[in-house]
Student: 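This is the structure I want to talk about, given as structure tokens.
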Amino acid sequence: MAEGQVYFAKSDGVLVLQFEGEIRYTLAPPLDRFLDIQFADGTLQSVCVDLNRVTAIDSTGIGLLAKTAKLLKHNSEEKPVLFSSNDEINELLGAVCLDSYCIIVQGIAEPVSLESLPEYVADESEMADTILEAHRILCELSEDNRVQFQNVVDALERERH
């Protein structure tokens with residue numbers, strides 16, 4: 001299960017996301033667009049993310065998890081619940097301080113009927129913008145993150161101009 005996939009379900013103000021495989025920057029634009037649409041009307045009150053089938057996640061993917069936390073806090077003051085029984089993934093989430101912005105549960109999420117994320121093909125410019133935004137949000141989480149990711153933000157900003 002190499003290439004990553006994202007599935008979702010939404011009902012009564014609750015969004016469930018399930019990530020599978022390798023969650024890389026190439027999945028960022030469709031996921032980012034989907035999140036923007038889901039949060040646009042302000043009705044989402046809760047988000048659950050199942051990471052149990054994730055084999056790898058890059059900094060852009062983690063940045064989009066952080067964006068989810070930021071958007072949810074704006075709507076409801078709640079924290080997203082991340083389900084992950086993978087110690088390596090949990091350690092990574094803790095290392096970038098995501099555990100301060102999300103509730104991480106070591107366990108299995110209750111199964112629900114899911115749909116594939118809508119297909120969306122971004123151009124190179126949109127891909128770069130999405131990656132840049134994800135890394136800016138990571139920098140906001142902690143001073144250590146700012147030190148670790150600011151060079152990525154600076155390089156992407158230089159590329160954009």
Side-chain angles (χ1 to χ4, degrees), residues 1-40 43-120 122 127 130-142 144-146 148-149 152-153:
M1 186 188 313
E3 189 174 327
Q5 298 289 324
V6 180
Y7 302 96
F8 77 96
K10 183 180 175 187
S11 178
D12 299 325
V14 177
L15 177 65
V16 176
L17 296 170
Q18 183 179 69
F19 292 19
E20 293 185 4
E22 295 182 1
I23 306 304
R24 304 284 183 206
Y25 72 94
T26 52
L27 285 174
L31 179 57
D32 186 50
R33 184 171 192 267
F34 178 80
L35 291 172
D36 286 342
I37 291 168
Q38 297 306 308
F39 281 98
T43 61
L44 271 183
Q45 299 298 306
S46 179
V47 176
C48 295
V49 183
D50 185 348
L51 300 172
N52 281 301
R53 293 185 176 111
V54 170
T55 56
I57 187 167
D58 68 10
S59 56
T60 303
I62 295 170
L64 288 175
L65 289 174
K67 177 180 180 172
T68 302
K70 183 178 179 180
L71 291 170
L72 185 61
K73 183 174 184 184
H74 179 74
N75 275 13
S76 70
E77 293 295 319
E78 296 292 322
K79 293 180 178 182
V81 177
L82 309 180
F83 290 89
S84 174
S85 55
N86 182 324
D87 291 337
E88 289 178 18
I89 298 292
N90 294 345
E91 186 176 324
L92 179 59
L93 298 176
V96 295
C97 297
L98 203 59
D99 57 345
S100 296
Y101 297 88
C102 299
I103 298 167
I104 300 174
V105 177
Q106 276 209 275
I108 307 298
E110 190 172 314
V112 295
S113 180
L114 300 165
E115 300 176 46
S116 293
L117 204 64
E119 293 221 10
Y120 178 74
M127 175 79 75
T130 302
I131 294 168
L132 176 59
E133 179 191 19
H135 284 83
R136 282 181 178 151
I137 292 170
L138 276 177
C139 286
E140 293 171 6
L141 297 183
S142 73
D144 287 344
N145 283 3
R146 191 192 62 72
Q148 183 174 356
F149 296 110
V152 176
V153 170

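Along the sequence shown, residues are numbered consecutively beginning with 1. Everything numeric here is computed off the predicted structure, so don't read it as measured data. The analysis underlying the following values was restricted to heavy atoms, covering all of them including side chains, and did not include hydrogens, waters or symmetry mates.
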Student: Would you please name every residue forming a salt bridge (charged side-chain N to carboxylate O under 4.0 Å, His left out) with Glu88, sequence neighbours left out?
Tutor: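 Glu88 satisfies salt bridge (charged side-chain N to carboxylate O under 4.0 Å, His left out) with no residue once adjacent residues are dropped.
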Student: With heavy-atom distances below 4.5 Å as the criterion, would you say the side chains of Gln18 and Arg53 are in contact?
Tutor: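 Of all side-chain heavy-atom pairs linking Arg53 with Gln18, at least one is under 4.5 Å.
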Student: Going from OG1 on Thr60 to CD on Glu133, what distance comes out if it is rounded to the nearest 0.5 angstrom?
Tutor: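 Reported to 0.5 Å precision, the distance equals 11.0 Å.
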Student: Quick one: pull up OG1 in Thr130 and CZ in Arg33 and give me the separation to the nearest 0.5 Å.
Tutor: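 Answer rounded to 0.5 Å: 11.0 Å.
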Student: If I compare all heavy atoms of Val112 with all of Ala9, which pair ends up nearest, and what's the gap?
Tutor: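 Result for this residue pair: CG2-CB, 4.2 Å.
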Student: Under the side chain to side chain contact (heavy atoms under 4.5 Å, CB included) rule, collect the residues that match up with Val105, sequence neighbours excluded.
Tutor: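 For Val105, the residues satisfying side chain to side chain contact (heavy atoms under 4.5 Å, CB included) (neighbours in sequence not counted) are Val81, Phe83, Ile103.
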Student: Using the test salt bridge (charged side-chain N to carboxylate O under 4.0 Å, His left out), find all partners of Asp32 that sit at least two apart in sequence or belong to another chain.
Tutor: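 Asp32 satisfies salt bridge (charged side-chain N to carboxylate O under 4.0 Å, His left out) with Lys67 once adjacent residues are dropped.
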Student: Ring pair (Phe, Tyr, Trp, His ring centres under 6.0 Å) with Phe34: which residues, sequence neighbours excluded?
Tutor: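 For Phe34 the ring pair (Phe, Tyr, Trp, His ring centres under 6.0 Å) partners, ignoring immediate neighbours, are Phe8.
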Student: Can you tell me how far the CG atom of Leu64 sits from the CG atom of Leu27, to the nearest 0.5 Å?
Tutor: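 Atom-to-atom, Leu64:CG and Leu27:CG are 9.5 Å apart.
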Student: Please examine the side chains of Phe19 and Asn52, heavy atoms only from C-beta on, and report whether any two atoms are closer than 4.5 Å.
Tutor: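 No, every pair of side-chain atoms sits at 4.5 Å or beyond.
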Student: Restricting to salt bridge (charged side-chain N to carboxylate O under 4.0 Å, His left out), what partner residues turn up for Lys70, sequence neighbours left out?
Tutor: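 By the salt bridge (charged side-chain N to carboxylate O under 4.0 Å, His left out) rule, Lys70 matches Glu140.
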Student: I need the minimum non-hydrogen distance between Ala95 and Asn145, along with the two atoms involved.
Tutor: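 Closest approach of Ala95 to Asn145, heavy atoms only: O-OD1, 4.1 Å.
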Student: Could I get the full list of side chain to side chain contact (heavy atoms under 4.5 Å, CB included) partners for Ile62, not counting sequence neighbours?
Tutor: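 Per chain and number, Ile62 pairs via side chain to side chain contact (heavy atoms under 4.5 Å, CB included) with Ile57, Leu92, Leu93, Val96, Leu98, Leu138.
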Student: Can you give me the closest heavy-atom contact between Ser46 and Leu72, atom names plus distance?
Tutor: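 Shortest heavy-atom contact: N-CD1, 3.7 Å.
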Student: Considering residues at least two apart in sequence or located in another chain, which fulfil the ring pair (Phe, Tyr, Trp, His ring centres under 6.0 Å) criterion with Tyr25?
Tutor: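 With sequence neighbours excluded, Tyr25 shows a ring pair (Phe, Tyr, Trp, His ring centres under 6.0 Å) to no residue whatsoever.
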Student: Any pair with a residue in residues 92-117 that passes side-chain hydrogen bond (donor to acceptor under 3.5 Å, both in side chains), sequence neighbours left out, goes on the list, sorted by first then second residue, please.
Tutor: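 Non-adjacent pairs meeting side-chain hydrogen bond (donor to acceptor under 3.5 Å, both in side chains): Asp87-Gln106.
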Student: Not counting sequence neighbours, which residues clear side chain to side chain contact (heavy atoms under 4.5 Å, CB included) with Pro30? List them please.
Tutor: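 Pro30 satisfies side chain to side chain contact (heavy atoms under 4.5 Å, CB included) with Leu117, Tyr120 only.
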Student: Nearest heavy-atom pair of Val153 and Arg136: which atoms, and what distance?
Tutor: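 For Val153 and Arg136, the tightest heavy-atom pair comes out as CG2-N, 3.9 Å.
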Student: How close do Phe39 and Thr68 get, counting heavy atoms only, and between which atoms?
Tutor: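 Scanning both residues completely, I find the closest heavy atoms to be CZ-O, 4.0 Å.
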Student: So which heavy atom on Gly4 is nearest to which on Ile23, and how close?
Tutor: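 Closest pair (atom of Gly4, atom of Ile23, distance): CA-CD1, 4.2 Å.
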Student: Among residues two or more places apart or on two chains, list those pairs meeting salt bridge (charged side-chain N to carboxylate O under 4.0 Å, His left out) that have a residue in residues 4-13.
Tutor: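 Every pair satisfying salt bridge (charged side-chain N to carboxylate O under 4.0 Å, His left out) with a residue in residues 4-13: there are none.
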Student: Does a side-chain heavy-atom distance below 4.5 Å link Asn90 with Leu51?
Tutor: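 Side-chain contact under 4.5 Å: no.
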Student: To the nearest 0.5 Å, what is the distance between CD1 on Ile108 and OG on Ser84?
Tutor: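 Rounded to the nearest 0.5 Å, the CD1-OG separation comes out at 9.0 Å.
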Student: Going by side chain to side chain contact (heavy atoms under 4.5 Å, CB included), name the residues that satisfy it together with Gln45, two or more places apart in sequence or in a different chain.
Tutor: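 Applying side chain to side chain contact (heavy atoms under 4.5 Å, CB included) to Gln45 gives Ser76.
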Student: Got a second to check how far Lys79's NZ is from Ile104's CD1, nearest 0.5 Å?
Tutor: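 Answer for the NZ-CD1 pair, Lys79 versus Ile104, is 10.0 Å.
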Student: I'd like to check the salt bridge (charged side-chain N to carboxylate O under 4.0 Å, His left out) partners of Arg24; sequence neighbours left out, ordered by chain and number.
Tutor: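 Arg24: salt bridge (charged side-chain N to carboxylate O under 4.0 Å, His left out) contacts with Glu22.
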Student: Should Val16 and Leu114 be marked as a side chain to side chain contact (heavy atoms under 4.5 Å, CB included) after you check the CA-CA gap, both sets of side-chain angles, and the distance that decides it?
Tutor: CA-CA 8 Å; Val16 176; Leu114 300 165; 4.2 Å; yes
Student: Roughly how far apart are Leu17 CG and Cys48 SG, rounded to 0.5 Å?
Tutor: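 If we round to the nearest 0.5 Å, Leu17:CG and Cys48:SG are 9.0 Å apart.
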